[in-house]
Amino acid sequence: MPEVTYREAVRDAMSTAMRRDDDVFIMGEDIAEMGGSMGVTQGMLQEFGPERVRNTPISEMAIVGAGIGAAMAGMRPIVEVMYQDFTTLAMEQIVNQAAKHRYMSGGQLKVPLTIRTQGGAGWSPGAQHAQQLEAWFLHVPGLKVVFPSTPADVRGLLWSSIYDDNTTIFFEHRTLYGIKGEVSEEIEPVELGKARVHREGEDVTVVATGRLVHESIAAAQEAEKDGISVEVLDPRTLLPLDEGAIIASVEKTNRCVVAHEAIVRMGFGAEVAALVQERAFDYLDAPVARVGARFCPLPFAPVMEEYVIPHAEDVLAAIKRTVGRNGG
Amino acid sequence: MPEVTYREAVRDAMSTAMRRDDDVFIMGEDIAEMGGSMGVTQGMLQEFGPERVRNTPISEMAIVGAGIGAAMAGMRPIVEVMYQDFTTLAMEQIVNQAAKHRYMSGGQLKVPLTIRTQGGAGWSPGAQHAQQLEAWFLHVPGLKVVFPSTPADVRGLLWSSIYDDNTTIFFEHRTLYGIKGEVSEEIEPVELGKARVHREGEDVTVVATGRLVHESIAAAQEAEKDGISVEVLDPRTLLPLDEGAIIASVEKTNRCVVAHEAIVRMGFGAEVAALVQERAFDYLDAPVARVGARFCPLPFAPVMEEYVIPHAEDVLAAIKRTVGRNGG
Amino acid sequence: MAIAEQKGQSVSAETLKDFLREMLLIRRFEEMVEERFRAGELPGFLHVAIGQEAVAVGVCRALEDGDVIASTHRAHGHTLAKGTHPNEVMAELYGKLEGCSHGYGGSMHLYDVERGNLGANAVVGGGLPAIVGGALAFKLRGEPRVAVAFFGDGATNIGTFHESLNLAQLWNVPAVFVCENNHYAESTPSKQQLPIEDLSKRAEAYGMTAMTVDGQDVEAVYRTAQEALAHARGGSGPVFLLAETYRLTGHYVGDPQVYRPKEEVRELRQTQDPVEKLRARLELSDDEWTELDREATDIVEASVEFAKNGTDPQPEDALKNVYA
Amino acid sequence: MAIAEQKGQSVSAETLKDFLREMLLIRRFEEMVEERFRAGELPGFLHVAIGQEAVAVGVCRALEDGDVIASTHRAHGHTLAKGTHPNEVMAELYGKLEGCSHGYGGSMHLYDVERGNLGANAVVGGGLPAIVGGALAFKLRGEPRVAVAFFGDGATNIGTFHESLNLAQLWNVPAVFVCENNHYAESTPSKQQLPIEDLSKRAEAYGMTAMTVDGQDVEAVYRTAQEALAHARGGSGPVFLLAETYRLTGHYVGDPQVYRPKEEVRELRQTQDPVEKLRARLELSDDEWTELDREATDIVEASVEFAKNGTDPQPEDALKNVYA
Ligand SMILES: Cc1ncc(C[n+]2csc(CCOP(=O)(O)OP(=O)(O)O)c2C)c(N)n1
Ligand SMILES: Cc1ncc(C[n+]2csc(CCOP(=O)(O)OP(=O)(O)O)c2C)c(N)n1
Ligand SMILES: [Mg+2]
Ligand SMILES: [Mg+2]
């Protein structure tokens, strides 16, 4: 099986879809000659031309909205929002338009749009270039939300998002573009709404997303040295969420930690904690522990940024806290 | 003590501040001659004139941003965003600018801006005119978030918001404008971050916000007939949150229900459930139950809308489910 | 401001009479909406287009099959003019499954995709970007179709308007942006919300072709719309079509209009009623008029019957149509 | 396009030499930033303004005490020209407490409120509405101050730009909007992102006074800025000040610029370098030049020393300054 980077896997899903399907095209800022600010779309202009690889002005509302209109007209556009922080400019189009047209029309319309965006800290971009805002979109019926952590998942899930008949907000993590992983020759679609267990374990379930999947696996390996057996589960799709997989795992381990780079307060972990205590209350031997960014904007100075965002040690500490606690 | 409506209480807080302080002024769509789409600012143009009661074009980004700039220049502007659904247009200004200027400047700036907005269903406005989006803002360090449910609270909290040196997102509920309540002659500021217990009880704590405070009090009275003693607590400020008051109450009752009109998934209730199980795990005899809107956009047809948003019966059902459950 | 002098051959009296029929239908429909709302039968939030019928009819009659529109909170006229049966529109206002949005949308969210109505939007400017995208799809597929957005003067103040027209011109897509300047945004008169008087100047920021027309003259609207559509369809780029019109009622049904003098409305009703103007122009006899009026009224009354006899959704239907 | 012919009395050679000193300081500072970045000493994401020094200096020297500015991701030049000491700017780039944002902001978030710099914004267009609000505050208080926003050609495509200029004109606030048209938005050349060539047309949509100037000629920028500021300060309303300029480097430090031919940059460096243009105009002897250059270089080298000897924040400091 070939090894590709996360970045190449994203490109491969888009290019393969565009080769087989004229209705698929991409729009975004600096995605043409420059190949995107993260280099994801490199070479696509040369292969598909400027009509299907559309460089746009700095107009987040209009490019997301143009994607909505093209999707309503039967195409399957992919819009790139350069940084997740700029989705704040497109919230009206995403939340009031893309998510609701099907519903408001009583089922007449569908909006098969994929909005790719990226974010993530660890490189001192400052407060407006690395936020993790995925939690907001889980509060919006009509959207699907995907956040893959490996090359194979990002390729298979992007494929499924492109061919899903609903609007998908597709989150990529800035610091994962360079990681490598094996993928199949042919694209294997990954079904939206299915979690993946990266590592089986008996003592505690760590539900992790994005970069924290890798930090959690590292933490699990550390914990093993102390005889703690950790199951690491990546939901991959946050909406719809594979609640069954999470609950089944917690019913086995009786303990749960949830980890993401986003801020803890009102983050995805809050929903997981609420769900787990609702659905597995009698199984829980300890409270669900949350790991995430501290409650402040992202600071510039590396020493402060390092302190604000979570790392393997933070997951490990939460694992030990949770496992060490006496049953409730 | 005089009785005033929730609407009058909002107006009184603004007018009193404007009388005593030239730095306070209001901006918004149709707030002048028309007195606001909810009639909140009626008469204020006549009293304060068009320079301080500023009718604006339909430009949510610019009017929120102009509030930010005026606040940075030392004033205390109040911006009205006509419907909460339109805050989606101002997310960039609120989240990347208002919430972060103080931090990014290393403490040089402050942004004493108050953003008033309203929402709430029950009158068939459809999918784009009654969303409850307060949860999003709890995920944003630098903001304060207030959601009062009574005339006395709305007046005292708006006063504190206007004079707070940070940006406050101030949520009013559309269906509460007409309710009456006693207030003191002089404005009594209500400290941000302090919950209010509306009703003491022994068997279960209901944490409720906005319209659901009233629905919860009604449900509590019903429950009492079945011998269930319900404590109803309104946090009033969602950020900062009075965690101490919530935890203390749950440690007393050992059971908790959280109720709001917003969608359950990723709503404020998720954060409360996560916090309560984290901080009062050993006290909980039942999972924290969440009451909120069903997972769909707001439908137009009254029968459907009625079904989607929560009412006293839903709170009552959750209370009974929670109290009826055997200790965990 | 400069009114585009009229191109193309003149419109036959028959066609004009047909336009009048349509405009009168819209007028009677809107009046019935006001009446039924006052009677407490209609839920939600209603905005009628009394005074703006000539824009809806003039533009929609100039459309070809396959062209699409997006409308606003003031959507009844556009929707009827685009061919949705009054029964289906009225049923929607009553929240029935037979409604054009099956009871999910309501007055501000009228859809009829089969007839090329991509939906009315309750967010000012919210529908404009999708019209750019629809037009882009037509262009990419080489389909000779045009996408048309209706919006008001107030909408020209919002960022979505700017980004949409800018992108449409940059990409030269077949779109027509119909601005209905009724000189108010809710209670706010032009001078309180617009820094310029001639709104066609908005188009200069994009180098976009602008056409201005008297929105109370349905023939002028029709001909200018034909010209704009031909321009866009022919690949010459999008057009900003400015129709100067008047709102002869309140912003919403029930609006006491404290913000404008009663005389203003009274005078406008005498001088700027597009239905009366066309009636005068056609020199209809009282009998002809009464007959046309009767027709329209019958259709509207029937639509109320149809709506009242419609099916209420089941509560649980609310959970359908969230996802495709 | 039409370049505003220069008003006011000409600028003395002394003053121009002083401008050169400032521009050269910015140039050497930016070059040092590129060098220290390549040396791996600077964290984050850096954008230098090499080629655009005349705009920063010409505009900022025309400001009066009390005037305020908002800058962009390309902020070093504006910040230095507004009077922040190079030590404090460099210290910020190194993430030190002595930095002008105390290590919380970084290159894209340089602030110096005491000197009237309300901050640089990493969101394109993000700072414009606050400039309208700042200007409004000055107007409401009757203070003779002007608020100035810097932004690029690419920023004229975003909705925030439209809403801000529209509101500024409607309310006639004392603001000047300085558009630095360097003909690129990151990798995207004008023709791929702008439907018009003459960006001053953007102002016509608001009926706003527009002035266009050669951004490589610091005297022209200075005089035009004086005129624009006098206009705004005098209560005649906001001004759109368009400076035609050139980015003589990549968009960000390290940008391989695959999107433009090497010759383009080489030629621009020969024909459009504002520092060289001014040097030639002043007919400086090699000794004078070498001395000026030495001065600038010394200051910049000292700023690196200052920065490196600065104090790193404590990790926990991250939790400070979230709330006032
Ligand atoms: C983004 C947004 N802001 C505010 C509103 C509230 N609102 C509804 S209609 C309206 C006025 C619209 O004026 P105009 O565009 O001229 O259309 P008209 O009502 O005159 O037909 C306003 C402010 C809204 N629906 N959307
Ligand atoms: C809203 C937003 N979209 C995209 C970006 C990414 N970005 C940073 S700079 C830039 C180009 C800005 O071009 P211009 O306004 O001309 O300024 P210049 O870089 O030429 O100085 C872009 C697209 C951003 N920072 N903000
Ligand atoms: Mg209008
Ligand atoms: Mg540029």
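Lettering follows sequence order; numbering is per chain, from 1. Heavy-atom basis, side chains included; hydrogens, waters and symmetry copies ignored.
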Among A:His129, A:Arg54, A:Glu29, residue most engaged with chain D (heavy-atom pairs, under 4.5 Å): A:His129
Top of A:Pro50, A:Cys296, A:Gly35, A:Pro299 for chain D proximity - count of heavy-atom pairs under 4.5 angstrom: A:Cys296
Tell me which of these, [options], has more heavy-atom pairs under 4.5 Å with chain A than the rest.
options: D:Gly44, D:Ala155, D:Pro256, D:Gly126; value: D:Gly44
options: D:Asp312, D:Asn121, D:Asn157; value: D:Asn157
options: D:Val258, D:Leu319, D:Leu46; value: D:Leu319
options: D:Leu97, D:Val123, D:Val124; value: D:Val123
options: D:Pro315, D:Gly103, D:Gly95, D:Ser101; value: D:Pro315

Residues of residues 75-83 of chain A within contact distance of chain D, non-hydrogen under 4.5 Å: A:Met82, A:Tyr83
Working to the nearest 0.5 Å, report the span between [atom1] of [X] and [atom2] of [Y].
X: D:Thr156; Y: D:Ile196; atom1: OG1; atom2: CD1; result: 6.5 Å
X: D:Glu41; Y: D:Arg36; atom1: CD; atom2: CZ; result: 4.0 Å
X: D:Thr188; Y: D:Leu194; atom1: OG1; atom2: CG; result: 10.0 Å
X: D:Asn117; Y: D:Arg115; atom1: CG; atom2: CZ; result: 10.0 Å

Atom group of [X] that falls short of 4.5 Å from chain A, counting heavy atoms:
X: D:Gln314; answer: backbone
X: D:Leu42; answer: neither
X: D:Phe161; answer: neither

Kindly assign one of parallel, tilted or perpendicular to the pair [X] and [Y], based on the angle between their ring planes and the thresholds 30° and 60°.
X: A:Tyr177; Y: A:Tyr6; result: perpendicular
X: D:Tyr252; Y: D:Phe45; result: tilted
X: A:Phe295; Y: D:Tyr323; result: parallel

Side chain, backbone, both or neither of A:Val303 within contact of chain D (heavy atoms, under 4.5 Å): both
Chain D contact via A:Pro125 - side chain, backbone, both or neither, heavy atoms under 4.5 Å: backbone
Salt-bridge contact D:Lys308-D:Glu305 (side-chain N to carboxylate O under 4.0 Å): no
Donor-acceptor pair between D:Glu98 and D:Asn309 side chains, under 3.5 angstrom: no
Qualifying residues under salt bridge (charged side-chain N to carboxylate O under 4.0 Å, His left out), relative to A:Glu33, sequence neighbours excluded: none
Of all pairs that satisfy salt bridge (Lys or Arg N to Asp or Glu O under 4.0 Å), the ones with a partner from residues 251-261 of chain D, not counting sequence neighbours: D:Arg260-D:Glu264
Qualifying residues under side chain to side chain contact (heavy atoms under 4.5 Å, CB included), relative to A:Ala66, sequence neighbours excluded: A:Met27, C:Leu167
